[in-house]
Amino acid sequence: MKVFVINGPNLNMLGIREPDIYGKKTYQDLLHYIDGAAQALDVTVEYFQSNHEGDLVDMIQNAYEHADGIVINPAAYTHTSIAILDALKAVGLPAVEVHLSDVDQREDFRRVSFVRDACIGTITGKGFDGYVEGIKLLLNHRAGRE
């Protein structure tokens with residue numbers, strides 16, 4: 001199984017950005033963590049991060065012919081982007097929305113997710129483990145064990 005892990009704005013600033021919320025581990029630490037779990041699960045992962053909405057849409061569309069599923073942390077675009085929602089719907093691949101922090105326990109605006117309607121699940125507040133849980137959810141979905 002091949003999974004695209006797509007990250008939105010400011011995820012490249014992990015370790016620097018609000019360490020009291022996101023911790024001190026870096027974006028590279030996140031990728032290494034996912035790599036270890038993916039290898040154990042026999043899943044191939046392709047990573048992409050951008051601070052630009054259109055680039056995220058392009059990568060979602062690219063997944064159509066190159067991936068079996070998507071784990072996406074749209075970050076701030078979660079709460080604003082109909083374009084990302086439409087791209088996820090257009091490709092029709094199973095997708096899981098992931099957030100490092102528990103967005104439901106933060107500011108009111110973070111409780112609104114436009115992308116959720118195109119996802120088979122949402123995982124929040126589990127840090128790096130949320131990405132691995134997302135990959136496992138895609139594996140279970142593929143096997144018909146949702």
Side-chain angles (χ1 to χ4, degrees), residues 1-81 83-106 110 113-146:
M1 179 172 199
K2 183 169 187 178
V3 174
F4 275 21
V5 173
I6 301 174
N7 285 292
N10 298 309
L11 270 291
N12 58 309
M13 300 297 287
L14 285 177
I16 299 168
R17 177 187 179 211
E18 300 176 278
D20 54 316
I21 295 173
Y22 299 105
K24 294 185 179 181
K25 292 185 179 176
T26 68
Y27 184 68
Q28 287 304 313
D29 293 333
L30 172 63
L31 302 187
H32 291 302
Y33 184 82
I34 297 168
D35 277 342
Q39 193 171 35
L41 294 167
D42 196 27
V43 172
T44 302
V45 179
E46 183 171 325
Y47 300 102
F48 183 76
Q49 186 279 325
S50 180
N51 297 316
H52 305 281
E53 182 178 26
D55 292 343
L56 297 170
V57 169
D58 288 343
M59 186 52 68
I60 293 165
Q61 291 176 358
N62 186 40
Y64 178 71
E65 294 183 351
H66 299 103
D68 300 302
I70 298 170
V71 172
I72 185 166
N73 182 343
Y77 290 130
T78 302
H79 324 292
T80 64
S81 182
I84 291 174
L85 167 67
D86 286 348
L88 288 167
K89 286 182 173 182
V91 299
L93 292 170
V96 177
E97 174 188 7
V98 172
H99 298 282
L100 293 165
S101 67
D102 186 350
V103 292
D104 291 328
Q105 299 302 314
R106 296 184 61 195
R110 292 190 194 275
S113 172
F114 287 108
V115 301
R116 193 162 294 161
D117 287 343
C119 294
I120 62 169
T122 300
I123 301 162
T124 67
K126 296 190 177 181
F128 289 7
D129 288 335
Y131 287 84
V132 176
E133 191 173 319
I135 291 169
K136 288 178 179 177
L137 186 59
L138 290 173
L139 283 168
N140 286 334
H141 178 78
R142 186 176 194 191
R145 298 185 304 250
E146 298 176 69

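Excluded from the calculations below are hydrogen atoms, water molecules and symmetry mates; all remaining heavy atoms, backbone and side chain alike, are included.
- Closest of all the heavy-atom pairs between Lys24 and Pro19 is CG-CB, 4.1 Å.
- Scored by the salt bridge (Lys or Arg N to Asp or Glu O under 4.0 Å) test, Glu133 finds Lys126 as partners (sequence neighbours excluded).
- Heavy-atom minimum distance, Ala118 versus Ala95: O-CB, 4.2 Å.
- Contact detail for Tyr64 and Val91: the closest heavy-atom pair is CD1-O, 3.5 Å.
- Atom CD1 of Ile135 and atom CE of Met1 lie 9.0 Å apart (nearest 0.5 Å).
- Note that CG of Leu14 and CZ of Phe128 are 6.0 Å apart. Values are rounded to the nearest 0.5 Å.
- In this structure, CD1 on Ile120 lies 12.0 Å from CZ on Arg142, to the nearest 0.5 angstrom.
- Taking OG1 from Thr26 and CE from Met13, the interatomic distance works out to 11.5 Å, rounded to the nearest 0.5 Å.
- Shown here for Ser113 and Arg116, the closest heavy-atom pair between the two residues is OG-N, 3.1 Å.
- Here the shortest heavy-atom pairing between Pro9 and Ala76 reads CG-N, 4.3 Å.
- Glu53 and Asn51 share no donor-acceptor pair across their side chains, judged by distance under 3.5 Å alone.
- Within the 4.5 Å cutoff, side-chain heavy atoms of Pro74 are placed close to those of His99.
- For the side chain to side chain donor-acceptor pair (under 3.5 Å) with Glu97, the lone residue among Asn73, Thr122, Thr124 that qualifies is Thr122.
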Evaluate side-chain contact (heavy atoms from CB on, under 4.5 Å) for Val57 paired with Gln61, printing each intermediate quantity in order. CA-CA 6 Å; Val57 169; Gln61 291 176 358; 3.6 Å; yes
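- Leu31 places none of its side-chain heavy atoms less than 4.5 Å from the side chain of Val45.
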Only pairs under 3.5 Å count here: list side-chain donor-acceptor contacts from residues 32-44, not counting sequence neighbours, and write none if there are none.
| residue | atom | partner | partner atom | Å |
| --- | --- | --- | --- | --- |
| Tyr33 | OH | Asp129 | OD1 | 2.1 |
| Asp35 | OD1 | Tyr47 | OH | 2.7 |

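- Looking only at side-chain heavy atoms (C-beta outward), Leu88 and Val115 come within less than 4.5 Å of each other.
- You'll find the side chain of Asp68 stays beyond 4.5 Å of the side chain of Leu93, heavy atoms only.
- For the pair Asn7 and Val98, the minimum side-chain heavy-atom distance is 4.5 Å or more.
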message = Please evaluate residues Leu100 and Leu11 with respect to the criterion side-chain contact (heavy atoms from CB on, under 4.5 Å), reporting the C-alpha separation (whole Å), side-chain torsions for both, the decisive distance (0.1 Å), and the verdict.
response = CA-CA 10 Å; Leu100 293 165; Leu11 270 291; 3.8 Å; yes
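- The distance from atom CG of Asn10 to atom CG of Asn12, rounded to the nearest 0.5 Å, is 6.5 Å.
- The line from CD1 of Ile6 to CD1 of Ile60 is 5.0 Å long, rounded to the nearest 0.5 Å.
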message = Before you tell me yes or no, could you show the steps for Tyr131 and Ile123 under side-chain contact (heavy atoms from CB on, under 4.5 Å), namely the whole-Å CA-CA distance, both residues' side-chain angles and the distance that decides it to 0.1 Å?
response = CA-CA 8 Å; Tyr131 287 84; Ile123 301 162; over 6 Å; no
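- Considering only residues two or more places apart in sequence or on other chains, Lys2 meets the salt bridge (Lys or Arg N to Asp or Glu O under 4.0 Å) condition with Glu46.
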Phe114 and Thr78: side-chain contact (heavy atoms from CB on, under 4.5 Å), yes or no, with the steps?
-> CA-CA 6 Å; Phe114 287 108; Thr78 302; over 6 Å; no
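- Side-chain contact between Asn62 and Phe48: absent, with no pair of heavy atoms (C-beta onward) separated by less than 4.5 Å.
- Between Asp55 and Met59 the shortest side-chain heavy-atom distance does not fall below 4.5 Å.
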